[in-house]
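Structure first, then comments.
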Amino acid sequence: MTAAFLATLPAIALGWMAVRLLLPAIAWKPAWMRWLFELSLGTAVGLGLTSCFCFVLRLAGAGGRGPVLALDAATLAGAAWLYVRSRRKEGDAPTPPGFSFSWVLRTAMAVALMLFALDMNESIAANPQGEWDAWAIWNVKAKFLAGGADTWRNAVAADAAAKMFGASHPGYPLLVSASVARVWTLTGDPSSEAPAALGVVFALAAAGLLAGALALVRTETAGLLAMLVLVATGAFTSQVGFQYADIPLSLYILATVALLAYAPAANWPPGLLVLAGLCAGFAAWTKNEGLPFLLLAALVVLWRARGRRAAWMALGAAPAVLLVAALKLFLAHGTEAMFPRTAAETAAKLADPARWLQIAAAFAKMILDLGVPWAHPVLLLAVLAVALGVVSKKEAASRLWLALPLAGLLAADFAIYLITTADLTWHLGTSVNRLIVQVWPATLFVAFLLIQPPASPLPEPVAAPAARRSDRREQRRLKRSAEPR
Amino acid sequence: MSRKKTAPAAGARVLIGVLAVAILAVLASLNSYQGSADERRQARDRYGVESALLRLAAASRRLPPAGAVGYLSDLQLSDQAGTPAFLAAQYVLAPHLLVPVDAHASTEWAVGNFSRPVDFAAVGARAGYTMVTDMGNGVVLYRKATP
């Protein structure tokens, strides 16, 4: 698995430099959280970019190891040159008000992350090839893409998987499959280690980005608490070993929402909007659910930032959107068989109250199944809301718009279930639990924007000696003034 | 400002809330890890993918580098066992595209994936293929019969 991890490093380095180039210089503390934020976001951006490169090279008939390495090296060198020229410098940020017991949270996070790593190791060992969709859809497409000029079209062929309903998806976006194919091409070893390693990288990036982004817009302790709640979410952690595309999608959704959350405070800088657009575009290049999310995120930016600023986001999204359009319109053959063919059939399904109830019940169960009852993530959020308090209504109103693309995506999912021609029980049973995973890290991010960050219940350790010193100075001054001249 | 004004009771509430969440989150992570460890102990290749990797690896090496490959089996594709058997075989044999052999099949090569001993040569002959090699464990390599 080491080789697979190493093969992701050029992508992460490229993404990190893109993030450093496009984000405005931000002075913040603690520095390690800045690194966590930039590396996690860089991982998302880098893996998205290199998956696009891999697919475009394959389209151009140059998908071998040499061209992939050459393009990686050229883009890395170009980004490094731009980065050096930018002479970017961050000023020193004032130390934000801390929480005396941050060390407890840091320790808890370290322990929870260690357990998360062990958990991932056990899941992968139990199921090296991943769950059903991994080997039946995503990784088999990766094998087609990695196979060479003669076989990549099988990934978009209508007769793949013998046209079986639920297995043949010629139009599925290819970010995950192309990322796996890229690693296989670089290592020359089409083993199950590459998709497993990428699953781990995507999950860790999501956790790191959640903590780092909250440290940016709130405080370090808010970030640490959010990461703890995320790794306590069994529905999320159990997905890592599955090797599905839902956790990568959750990473891109979180990255978009987190960048948009910071944008108003920075006056909607173009580079940040390009990054948000890139991430929203990569969401669409990861799964079909990413398309409505991209549309909703773009509408929200158009509403909040208006006009030309929204164009920067469109510019960022353009590369992935073009690839998705090319895939859906020109490359993929055949269509998904789950949509009704007539308006009358659609109307009949929409008018059936039993379907609404069944879907609503499945959505409720999906939230119940997020974690164990005694440490359910919603319960943990409620405990924090009671203990720390929530922000004012005015503040909440200024942040809740970030939840609109998430709520809209779930509403779109609900609508798809309403009109699906597949057996509804089967369709819900095989997919509904993954929908919440897609939006969960971003939902946690928005929730932590509405909860007050913890303030120190006891005086800061550094404050006491300082106060004593000032007291001593004041006493000396009074003593001197009282002395006879 | 908020630190100075925090009343002792509110401070204790913050501390208890944060510590409770930290402890519960770590325990939930431990619980999740234990669940995965149990799953690993009981791992049993639910869909037969690991088994397909072992059984079909030799056939995969014998096939030409590209091109579609026919698929013959005693299991119907629509069966509960036939669907995972076909998809697992497709995963192992990719990047070849696996195509179920029917009257219209025109692939040069075909792979037989059988769940029980049958007359492999006869099955192939009925579909217009001659048996090249019986690779054991129900895996058979076929080639299109020359007219």
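Note that the structure is a prediction, hence the values are computed from the model and not measured.
- Sorted by first then second residue, the salt bridge (charged side-chain N to carboxylate O under 4.0 Å, His left out) pairs that include residues 67-86 of chain B, not counting sequence neighbours, are B:Asp74-B:Arg116.
- Taking OG from B:Ser32 and CZ from A:Phe236, the interatomic distance works out to 11.5 Å, rounded to the nearest 0.5 Å.
- Scanning residues 46-57 of chain B against chain A with a 4.5 Å non-hydrogen threshold yields B:Arg46, B:Tyr47, B:Val49, B:Glu50, B:Leu53, sorted by number.
- Note: A:Leu118 CG to B:Gln34 CD = 11.0 Å, rounded to the nearest 0.5 Å.
- For residues 101-125 of chain A, the salt bridge (charged side-chain N to carboxylate O under 4.0 Å, His left out) pairs, not counting sequence neighbours, are A:Arg106-A:Glu220, A:Glu122-B:Arg40.
- The minimum heavy-atom distance linking A:Phe144 with B:Ala94 is given by the pair CE2-CB, 3.9 Å.
- The contact between A:Leu105 and chain B is made entirely by side chain atoms (from C-beta outward), counting heavy-atom distances below 4.5 Å.
- Expressed to the nearest 0.5 Å, how far NZ of A:Lys143 lies from CG of B:Leu93 amounts to 8.0 Å.
- Of the listed residues B:Gly35, B:Ser78, B:Ser36, B:Gly17, the one with more heavy-atom pairs under 4.5 angstrom with chain A than any other is B:Ser36.
- The interface of residues 20-31 of chain B with chain A, defined by heavy-atom distances below 4.5 Å, comprises B:Val21, B:Ala22, B:Leu24, B:Ala25, B:Val26, B:Leu27, B:Ala28, B:Ser29, B:Leu30, B:Asn31.
- Among A:Thr107, A:Asn154, A:Val104, the residue with the largest count of heavy-atom pairs under 4.5 Å with chain B is A:Asn154.
- Proximity to chain B (any heavy atom under 4.5 Å) is shown, for A:Ser123, by both the backbone and the side chain.
- For a residue to count as touching a neighbouring chain, one of its non-hydrogen atoms must lie under 4.5 Å from one of that chain's; by this rule A:Val372 touches chain B with the side chain only.
- Both the backbone and the side chain of B:Ala88 come within less than 4.5 Å of a heavy atom in chain A.
- Here the CE atom belonging to A:Met114 is positioned 9.0 Å from the OH atom belonging to B:Tyr33, to the nearest 0.5 angstrom.
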* Residue pair A:Leu388, B:Val18: steps toward the side chain to side chain contact (heavy atoms under 4.5 Å, CB included) verdict -> CA-CA 8 Å; A:Leu388 306 175; B:Val18 167; 4.0 Å; yes

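- For the options A:Trp152, A:Phe116, A:Trp374, heavy-atom pairs under 4.5 Å to chain B are most numerous at A:Trp374.
- In terms of heavy-atom pairs under 4.5 angstrom with chain B, the leader among A:Gly241, A:Ala157, A:Pro128, A:Gly147 is A:Pro128.
- Counting heavy atoms from C-beta outward, B:Thr83 and A:Trp132 have side chains that approach closer than 4.5 Å.
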